[in-house]
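Below is one structure; the comments refer to it alone.
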Amino acid sequence: MYRVAASSEATLRRFYTTTPLTPAPRTPLTSPAVRIQLSDYVKTRKVHNGFFHRKFTTETEAAATAEEELPLKYGMLYFDNAYPLRIAWWDIRYSLLRPGWKSLERKAKNELVPPENGMPFHFKIGGIEPRLKDGGMFVHFSYVHPSSYTTKEALKEIESRCEQHLISHGHYMWFNFQKVRAFLVKGQPFLEDMASRYPNKKVRIEYSGDLGVEGLYTLFRKYGKIVDIFQVPPVKDMPKQAIVQYTFMRAATSAKNCLHGAEVNGIEISVTYERTLKGNVIWTWLSNHPRLSVPLGGFAVAGVSLIVFDPIRVFSMHAKITKLFNVNEYPILKWLRKETIGRLTRTPVDSLQATGWREREQDEEKLRNWLRNPPQTFAIVQGPRGAGKTDMVEYATKDKTHKIVIRCDEMANARSEGEILTNLAKQVGYIPLFQFMSTLNNMMDMAITATTGQKAGLSATFEGQLKKILDTLTIAIQQTSPTRNMSNISPEAIMKKIEMTIEEKARRSELSPSGGSVASSAVQSLSSKKASSKEEKAKKAKEESKWCDPDDIPVVIIDGYMSREKGPHAKEFWTFLADWAAVLVENHVAHVIFISNNVTASKPLSKALPNMTFETIVLLDATLDSSMEFVYKHLDKEEYGDLTQCVKTIGGRLTDLELFVQKVKSGMGPEDAVNDILGRSVIEVRKNAFDFDTTEKKTLGWTPIQFWAVMKQLAAHDVASFDELKIHPLFKYDETPFSAMEQAELISINHKNGRPYSIRPGKPIYRAAFQEILSDEGFRAVMDLESTTYLDKEEMTKVAKWEGELRELSTLLHQDGSWLFGGGRVPKEVDIRVKWLMKKLAESHGKIEKYEQEMIQAKKEVALLSVNNNNSSSKHASK
């Protein structure tokens, strides 16, 4: 007797197995033949609906006895806006916004469905069945209709009453503020919970018959506005298919839940969601259009880097400059350390302790005075290795609050471009670097070039990455500089502000109490800043623009500049550093100090900052008194006695003195330590000056006999004249060999009035090493022989040249000696030229005779040494 479209067994059983129903007033039906008498019993039956076997307890008390027995029937309504739609597995709205079962059931009975006493056909709600993915719910109901009504008419009346109720009351759901709609379920819904299927705007209809586009439109239009209806071409032995696309997804969910399994003119239809592979469509488009997708992807990555990572890098560099995360630099900790540990273990700190000797006080004061001026040029601190340049600069800038140090030795010794960039980024705080992305981009660029034939532009060059790091560092330095907004102000105006600031600081220090501590003053200044910022920010900014504290101007120290001129991208690296430093100085942002042992370091700096005079500080070796003071500071004078001769031999080079002290402390005697250092220096000079190391195929910038001439002069005197050596026949006025020797740190050229003036050994101990090499009779004889042989050849070349000129002049005379062009006598000019040539021939012949005598003497010495060596070898053999 009962036909159930679709229902939930648990829901209906919960409702229909409750206590016996009590009579309720019913709305009179239009047919007078319907009359109901209630009885006091219930009857239980099983109904098979085609999908499930369900047990229902039906109310027969309302229809047990009547003039016309009316059957109890069931139906379902679908409400389409009960839950949020779940469109994918990652959609969490459904978990966060879904209402509870009981609250939804209560809302359905009290708000969404009209009251039972206001519904026809003894309408009664049986329960709800949520459809979580589809965002709706089924409402099960029972009804009784007289024979004057067909089932279709009765269900249409119930659906109409529900629609009118929702329209009149305007029910909206709180999670999307959209109205709730009600539809009668005409088919048998497919209750599935497959994880791979989600709602879609398109539904696929399968049917066996002839519906047509018009029939489909009439059937599906009531659930929402349709965009298009597409009939799939038929396939043999397969049901016909059509695709209906809605404007909104909830219209598709309503059609799917209400029409699946319905019969239309004897044709059963099946409704499912159309699966669209959006990810595959997107990927297909990207793979088919690499010329567009690859640049767009690069722009996206660059945009993310610019928005997300660049601020992080600027903050990291700013923290590196200001020492934000260095707890040892916090003022309160400095004050505590000073007032506690400092009072117990206080030791005087002067220039001698920091830099090694007292001669540096003038250079330190010169550098401090330069730092008190506004940035407008470079400072170059030059000197040989081990002269204490870095220690002196660090001691002179120890009070600077904003300081960044770039140590170029790590970059100069790097083996690849990536290592150079990694070391630089680590020193300046450029975090994160993502160096591996550069390699990946290069590989992708090569692959795209191979496939498309065009470069994608993903690969980043070494110059581009280096420029990006330095540009980011510039932004971080500008944030800490008090002169960042003074690029258009003249240095004189900035200097006035600095002088006013220094005077104001001195005045405030005089007014402050003598017992005031650093911590209290810091707290007072901080509180005043907070108060002023709260009261008047504009006034504070105007007040701050009047002052410019020189201690707050950032200082950039580039240590080891041009330490190596050869290497991967060495030239580009030094050029970029110079150009970047010039930008900082020209905009008055920061002071830049270059520390270099390369005498040619000023050349690229002059190109980067032309027409500017640099502040140049040249550090020399210490005097004997300072060297003795340094040694006795580390060694006990009473224990080791007089070390004057040892220190004289070693000289005033800080690294050599430290090595001497270290060897003596390790147990060696002072003389043994000096001999060991001297032996190492002799080997170093022989290897670097005379190219005896054949394992390294290198070309010297000088010849061995040229350095031999310089070495003989420096071994005899502390200082050799540059001009005297320059006019030596071995050099022929060429300064290039001297520059190469200085570059190799074998000699040191002293300048006077802007020109080379004198030559010293590259290290003080090299003078003793030169003397030790000259004491080797065999080597000295060989080098003298080689030198005189070269000079003899040069003079012979001159003689041949002058003899050839005399021979050409003789062709202008007759055999009797008369002038070829008449007149009898030889012209005066020709006679003078002949006399001059004869004089030069005489001088050259004298030199040749001298050189030949020296060559004979040198050969005798070499032969004598060879005989002595053979005799000594035979004596050892006989023994």
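We count residues from 1, following the sequence as given.
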Point-to-point distance, once rounded to the nearest 0.5 Å, from [atom1] of [X] to [atom2] of [Y]:
| X | Y | atom1 | atom2 | answer |
| --- | --- | --- | --- | --- |
| Met562 | Lys571 | CE | NZ | 10.0 Å |
| Gln713 | Ile747 | CD | CD1 | 12.0 Å |
| Met411 | Phe573 | CE | CZ | 4.0 Å |
| His588 | Gln376 | NE2 | CD | 7.5 Å |
| Leu725 | Ile759 | CG | CD1 | 5.0 Å |
| Met392 | Leu619 | CE | CG | 4.5 Å |

[X] atom [atom1], neighbour heavy-atom count above 12 within 6.0 Å:
| X | atom1 | answer |
| --- | --- | --- |
| Lys400 | NZ | yes |
| Glu463 | CD | yes |
| Phe315 | CZ | no |
| Arg680 | CZ | no |

Indicate the atoms forming the closest heavy-atom contact of [X] with [Y], along with that distance.
| X | Y | result |
| --- | --- | --- |
| Ala590 | Ile553 | CA-CG2, 4.2 Å |
| Ser596 | Asn598 | OG-N, 2.9 Å |
| Pro756 | His751 | N-CD2, 3.7 Å |
| Leu577 | Leu470 | CD2-CD2, 4.4 Å |
| Pro764 | Gly652 | CG-N, 3.7 Å |
| Asn587 | Val583 | ND2-O, 2.7 Å |

Any side-chain heavy-atom pair from [X] and [Y] closer than 4.5 angstrom?
| X | Y | result |
| --- | --- | --- |
| Ser316 | Tyr430 | no |
| Ile595 | Ile380 | no |
| Ile404 | Lys320 | yes |
| Val589 | Thr474 | no |
| Thr401 | Thr322 | no |
| Ile321 | Val428 | no |
| Trp702 | Phe738 | no |
| Phe462 | Ser416 | no |

- Query: Can Tyr766 and Met711 be said to form a side-chain contact (heavy atoms from CB on, under 4.5 Å), step by step?
  - Reply: CA-CA 9 Å; Tyr766 277 178; Met711 190 179 70; over 6 Å; no
- Task: Carefully, step by step, assess Asp718 and Arg767 under the rule salt bridge (charged side-chain N to carboxylate O under 4.0 Å, His left out).
- Result: CA-CA 8 Å; Asp718 291 338; Arg767 185 167 186 267; 3.0 Å; yes
- Query: Could Lys366 and Asp363 be called an ion pair, given the rule that one side-chain N must be under 4.0 Å from one carboxylate O?
  - Reply: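 No, Lys366 and Asp363 are not salt-bridged.
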- Note: Glu658-Lys633 ion pair, threshold 4.0 Å (strictly below):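 Salt bridge absent between Glu658 and Lys633.
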- Does any donor atom in the side chain of Gln382 or Asn597 lie under 3.5 Å from an acceptor atom in the other side chain?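 No, because no side-chain N or O of Gln382 sits under 3.5 Å from a partner of the opposite role on Asn597.
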- Applying side-chain contact (heavy atoms from CB on, under 4.5 Å), run through Leu657 and Ile650 and close with a yes or a no. CA-CA 7 Å; Leu657 292 174; Ile650 295 174; 4.0 Å; yes
Has the side chain of [X] got a donor or acceptor atom that lies under 3.5 Å from a matching backbone atom of [Y]?
| X | Y | result |
| --- | --- | --- |
| Ser627 | Thr623 | yes |
| Glu365 | Gln362 | no |
| Ser481 | Pro554 | no |
| Ser606 | Ser602 | yes |
| Lys403 | Val555 | no |
| Tyr561 | Trp574 | yes |
| Thr377 | Thr613 | yes |
| His728 | Leu730 | yes |
| His634 | Val661 | no |
| Glu419 | Arg415 | yes |

- Check the pair Arg755 / Asp723 against salt bridge (charged side-chain N to carboxylate O under 4.0 Å, His left out), numbers first and verdict last. CA-CA 11 Å; Arg755 74 173 188 88; Asp723 297 329; 3.4 Å; yes
- Item | Parallel, tilted or perpendicular: ring planes of Phe707 versus Phe770, cut at 30 and 60 degrees |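 Because their plane-to-plane angle is over 60°, the rings of Phe707 and Phe770 count as perpendicular.
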- Output, in order, the C-alpha distance, side-chain angles, deciding distance and verdict of side-chain contact (heavy atoms from CB on, under 4.5 Å) for Val556 and Leu584. CA-CA 9 Å; Val556 179; Leu584 295 179; 4.1 Å; yes
- Not counting sequence neighbours, list each pair that qualifies as a ring-ring contact (aromatic ring centres under 6.0 Å, His included) and has a residue in residues 601-625.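 Of all non-adjacent pairs touching residues 601-625, those that pass ring-ring contact (aromatic ring centres under 6.0 Å, His included) are Phe378-Phe614.
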- Message: Test side-chain contact (heavy atoms from CB on, under 4.5 Å) on Asn750 and Val618; report intermediate values, then the result.
- Response: CA-CA 10 Å; Asn750 301 325; Val618 180; over 6 Å; no
